[in-house]
Student: 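Please see the structure below; I have some questions.
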2 protein chains.
Amino acid sequence: MKLKGGNVELGNRLKEWRAKKDITQEELAIRINMSRQSINAIERGRFVPSILTALKMANFFETKIENLFYIK
Amino acid sequence: MKLKGGNVELGNRLKEWRAKKDITQEELAIRINMSRQSINAIERGRFVPSILTALKMANFFETKIENLFYIK
DNA sequence: ACAAATTGTAAAATATAGTTTACACTAATA
DNA sequence: TATTAGTGTAAACTATATTTTACAATTTGT
């Protein structure tokens with residue numbers, strides 16, 4: 001009994017939030033302690049971050065996860 | 001220039017939310033289309049789910065991610 | 001136009017999320 | 001007490017997040 005829900009895709013507003021805070025990908029990476037390449041990949045939707053990464057970002061931007069990531 | 005933030009741990013309230021909705025781990029697994037063992041592991045804090053998993057759970061429980069997961 | 005800063009990308013390696021199968025353990029309940 | 005539903009766990013496996021190094025492309029400032 002396995003209902004397959006359609007392939008769920010993830011969207012994000014990282015670039016907008018970075019702009020709002022005037023911060024570079026590298027700075028963000030340093031702040032939340034991860035690589036710049038990972039930030040870049042997440043921002044470009046290349047992969048789905050862990051919820052820990054998402055929470056750290058939300059913390060940094062002083063907002064809710066839902067304002068950063070959403071299901072398309 | 002790499003500031004190491006202490007090792008961040010993840011907490012969750014899945015069990016409470018399951019109780020509130022009176023649903024089993026297996027049912028939840030089926031609803032959000034993942035294995036019962038993964039639900040169990042996440043609930044017991046054995047690993048950190050992806051944000052997609054977290055969003056699917058929040059959707060199912062009709063609540064915000066922050067009500068399900070938090071940084072300890 | 002030039003230089004510097006920022007962003008995009010790629011390959012190889014490592015870490016960890018998530019699946020599958022299978023079985024033990026712990027309720028709940030007839 | 002015996003049966004059943006629900007949960008805990010383990011090993012082997014697959015998928016993918018994340019790092020590191022390195023370099024190309026693009027944007028920004030002078």
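The sequence lines fix the lettering, A, B, ..., with proteins before strands; numbering per chain opens at 1.
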Student: Before giving the answer on side-chain contact (heavy atoms from CB on, under 4.5 Å), spell out for A/Thr24 and A/Glu27 the whole-Å C-alpha distance, their side-chain angles and the decisive distance to 0.1 Å.
Tutor: CA-CA 5 Å; A/Thr24 76; A/Glu27 279 174 33; 3.7 Å; yes
Student: Check this one for me: any side-chain N or O of A/Ser35 less than 4.0 Å away from OP1 or OP2 of D/dT19?
Tutor: yes
Student: How many Å lie between CZ on A/Phe47 and C1' on C/dT14, as a whole number?
Tutor: 14 Å
Student: For B/Lys64 and B/Ala58, which heavy atoms make the closest approach, and how far apart are they?
Tutor: C-CB, 4.1 Å
Student: Nearest whole angstrom, please: distance from the P of C/dA28 to the CG of B/Asp22.
Tutor: 13 Å
Student: Does B/Arg13 qualify as a cation-pi partner of B/Phe69, given the criterion of NZ or CZ under 6.0 Å from the six-membered ring centre and within 45 degrees of its axis?
Tutor: no
Student: Quickly work out the A/Leu10 CG to D/dT16 P distance and round it to whole Å.
Tutor: 14 Å
Student: Quick one: A/Ile51 CD1 to C/dT16 C1', roughly how many Å, whole number?
Tutor: 16 Å
Student: What integer distance in Å separates A/Ile39:CD1 from C/dT9:P?
Tutor: 16 Å
Student: Grab the CG-C1' distance between B/Leu52 and C/dT16 for me, whole Å please.
Tutor: 17 Å
Student: Strictly under 3.5 Å: I want the nitrogen or oxygen pairs between protein and nucleotides 6-8 of chain D, one per line.
Tutor:
| unit_1 | atom_1 | unit_2 | atom_2 | d |
| --- | --- | --- | --- | --- |
| D/dT7 | OP1 | B/Arg18 | NH1 | 2.9 |
| D/dT7 | OP1 | B/Arg18 | NH2 | 3.4 |
| D/dT7 | OP2 | B/Gln25 | N | 2.9 |
| D/dG8 | OP1 | B/Arg44 | NH1 | 2.7 |
| D/dG8 | OP2 | B/Gln25 | NE2 | 3.0 |
| D/dG8 | OP2 | B/Asn40 | ND2 | 2.5 |
| D/dG8 | N7 | B/Arg36 | NH1 | 3.4 |
| D/dG8 | O6 | B/Arg36 | NH2 | 2.8 |

Student: Going by an N to O cut-off under 4.0 Å, is there a salt bridge joining A/Arg18 and A/Glu43?
Tutor: yes
Student: Return the CD1 to CE distance between B/Ile51 and A/Met57, rounded to the nearest 0.5 Å.
Tutor: 9.0 Å
Student: Can you check the A/Leu28 CG to D/dT18 P distance for me, whole Å?
Tutor: 13 Å
Student: Only one of A/Leu28, A/Thr63, A/Asn12 passes side chain to side chain contact (heavy atoms under 4.5 Å, CB included) with A/Trp17; say which it is.
Tutor: A/Thr63
Student: Mind calculating the distance between NZ (A/Lys56) and C1' (D/dT18) to the nearest angstrom?
Tutor: 11 Å
Student: Check the phosphate of C/dG18 against B/Ser50, side-chain N and O only, distance under 4.0 Å to OP1 or OP2. Yes or no?
Tutor: yes
Student: Looking only at heavy atoms, which two atoms of B/Met34 and B/Thr53 are closest? And how far apart?
Tutor: SD-CG2, 3.6 Å
Student: Does C/dT19 have OP1 or OP2 under 4.0 Å away from a side-chain N or O of B/Ser38?
Tutor: yes
